[in-house]
Enquirer: 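Pasting a structure below so you can have a look.
No hydrogens, no waters, no symmetry mates; every other heavy atom, side chains included, goes into these values. This one's a predicted model, so the numbers in the text were calculated from it and none came from an experiment. First the proteins, then the strands, lettered A, B, ... as listed; each starts at 1.
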Amino acid sequence: MIARLLRRRPRSRSSRPKAVEEAKLELTPMIDCVFLLLIFFMCNLEFVKQDGLIKAFLPKDRGQSTGPSVTDLGEVRVKLLWCAPGTTIETEDRDVGEVVLKIEKNVYPRSGATPDWEMLYLDLVKMRDIRDRSGNPDALPVIIDARPLVPHAAVVGALNACVKARIKDVTFAAPERPF
Amino acid sequence: MKLRKSEDSENEVELNMTPMIDVVFLLIIFFMVVSELSTLNLEEIELPLADESEVLKSEKLDARHIICNVREDGTIRIQGNSYKKEQLADYLKVEADAEEREPANPSNPAVPPSKLYLTIRAHKDTKFENVQNVFDACSQNGIYKTRVMATKDE
């Protein structure tokens, strides 16, 4: 519409005196800019990266009950602790701690700020195979029990190892609640 | 010859640019609005790394899903709005109630499972307790179809 108004001209040119120069608006640079803007916005939409997703479904049949866990028998508990550097002593200090990985009763062979997810994966595969050979029809339940101060990346690392090991029943331990 | 020349100058071929410019402006407005909307849901957050994560393409179009962003400082943001832990539970209750629910399980008859999907986009260095708050609010309202967003490569 703006363009239409700008482009309006007198109908009869002959009535005008020849000496007066006709005022013309040069539209070409504007169209150039407009096209550049259009291309920019179109490309910008393409730049939005499609991030990956990992399914982390919560147990459907468990609410906020404090009763005994359904998967007490034969479950694997992957513990992610927040410990003082070089130790397995838990700390409440976010700044000086590091992630320590433990699997149910066994202190994990390698601990530190970057737990070895490849070894966790191999361990989970071994445990899954033992479970499959035992003839138990249920999938091996794995519970990721992360302390509140542990960075989210470590939890996703453990979850990733579970997905890689084709563990179908992965749950998260409920947060500790004060009595 | 003279007459023809004057006729030519009268019937000068002009390209009418007006409709094209109108359309181009409309396109620009469309792309601006769309890019604005997409950034509302997907905030700039450094996601954790997970090589097993997958892009789910075969998602049912009718299934509603919420994207929940958790910033490094623990702020929970959905659709550009910030929520505290208690507010999040209330918000999810409203959203879950608006959606059809699955038949209730005998073990937890009070909260029937919701058909709603919830995707958590949490910063890689945020404390897990912040993510746990979201899981907690979900389980309170029967939302069990939760997923964690991650990047596939660095």
Enquirer: How far apart are the closest heavy atoms of B/Pro48 and A/Ala153, and which atoms are they?
Expert: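 Between these two residues, the closest heavy atoms are CB-CA, 3.7 Å.
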Enquirer: Of the non-hydrogen atoms in B/Ser53 and A/Asn160, which two are nearest, and what is the gap between them?
Expert: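 Scanning both residues completely, I find the closest heavy atoms to be N-OD1, 4.1 Å.
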Enquirer: Quick one: what part of B/Asp51 sits under 4.5 Å from any heavy atom of chain A, side chain, backbone, both or neither?
Expert: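 Both parts, heavy atoms under 4.5 Å.
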Enquirer: Quick one: do A/Ile39 and B/Phe30 end up in the same hydrophobic cluster if we chain Ile, Leu, Val, Met, Phe, Trp and Tyr together by side-chain heavy atoms under 4.5 Å apart?
Expert: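 Hydrophobic grouping puts A/Ile39 apart from B/Phe30.
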Enquirer: Give a yes or no on this: more than 12 heavy atoms of other residues, nucleotides or ligands lie within 6.0 Å of atom CE of B/Met20.
Expert: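 Yes, the 6.0 Å shell around CE holds more than 12 heavy atoms from other groups.
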Enquirer: For the atom pair CD1 (B/Ile29) and CZ (A/Phe41), what is the distance rounded to the nearest 0.5 Å?
Expert: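 B/Ile29 atom CD1 to A/Phe41 atom CZ measures 10.5 Å (nearest 0.5 Å).
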Enquirer: Measuring only between side-chain heavy atoms, which start at C-beta, is A/Leu37 closer than 4.5 Å to B/Met32?
Expert: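 They are not in contact (no side-chain heavy atoms under 4.5 Å apart), so the answer is no.
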Enquirer: Give a yes or no on this: more than 12 heavy atoms of other residues, nucleotides or ligands lie within 6.0 Å of atom NZ of A/Lys164.
Expert: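 Yes, the 6.0 Å shell around NZ holds more than 12 heavy atoms from other groups.
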Enquirer: State, with a plain yes or no, whether a side-chain heavy atom of A/Val34 is found less than 4.5 Å away from one of B/Ile21.
Expert: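 Result no, sub-4.5 Å side-chain heavy-atom pair not found.
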Enquirer: Consider only side-chain heavy atoms of I, L, V, M, F, W and Y, link residues closer than 4.5 Å, and tell whether A/Ile130 and A/Val142 are in one cluster.
Expert: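 No; tracing contacts between hydrophobic side chains, which count when under 4.5 Å, never links both residues.
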Enquirer: Measure the spacing between CH2 of A/Trp82 and NZ of B/Lys127 and express it to the nearest 0.5 Å.
Expert: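 With rounding to 0.5 Å, CH2 (A/Trp82) is 10.5 Å from NZ (B/Lys127).
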Enquirer: Is A/Met30 reachable from B/Val23 through a run of hydrophobic residues whose side-chain heavy atoms are each under 4.5 Å from the next?
Expert: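 Shared cluster, yes.
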Enquirer: For the atom pair OG1 (A/Thr171) and OH (B/Tyr144), what is the distance rounded to the nearest 0.5 Å?
Expert: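 That separation rounds to 15.0 Å.
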Enquirer: Could you walk me through whether A/His152 and B/Asn130 pass the side chain to side chain contact (heavy atoms under 4.5 Å, CB included) check?
Expert: CA-CA 9 Å; A/His152 176 59; B/Asn130 301 323; over 6 Å; no
Enquirer: Check each atom of B/Val24 against the heavy atoms of chain A and say whether the ones under 4.5 Å are side chain, backbone, both or neither.
Expert: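 Both backbone and side chain of B/Val24 come within 4.5 Å of chain A.
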Enquirer: Which residue out of B/Glu46, B/Glu129, B/Arg121 racks up the most heavy-atom pairs below 4.5 Å with chain A?
Expert: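 Sorted descending by pairs with chain A, the first entry is B/Glu129.
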Enquirer: Mind telling me whether A/Phe172 and B/Phe128 have parallel, tilted or perpendicular rings, with 30° and 60° as the class edges?
Expert: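 Aromatic pair B/Phe128/A/Phe172 classed tilted.
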Enquirer: Checking heavy atoms, do the side chain of B/Leu27, its backbone, both or neither come under 4.5 Å from chain A?
Expert: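 It is both, since atoms from each part get that close.
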Enquirer: Side chain, backbone, both or neither: which part of B/Ile120 has a heavy atom under 4.5 Å from chain A?
Expert: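 Neither part; nothing is under 4.5 Å.
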Enquirer: Less than 4.5 Å apart, any side-chain heavy atom of B/Val131 and any of A/Val155?
Expert: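 No, every pair of side-chain atoms sits at 4.5 Å or beyond.
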Enquirer: To the nearest 0.5 Å, what is the distance between CG (B/Leu26) and CG (A/Leu38)?
Expert: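 The CG atom of A/Leu38 is 11.0 Å from CG of B/Leu26, to the nearest 0.5 Å.
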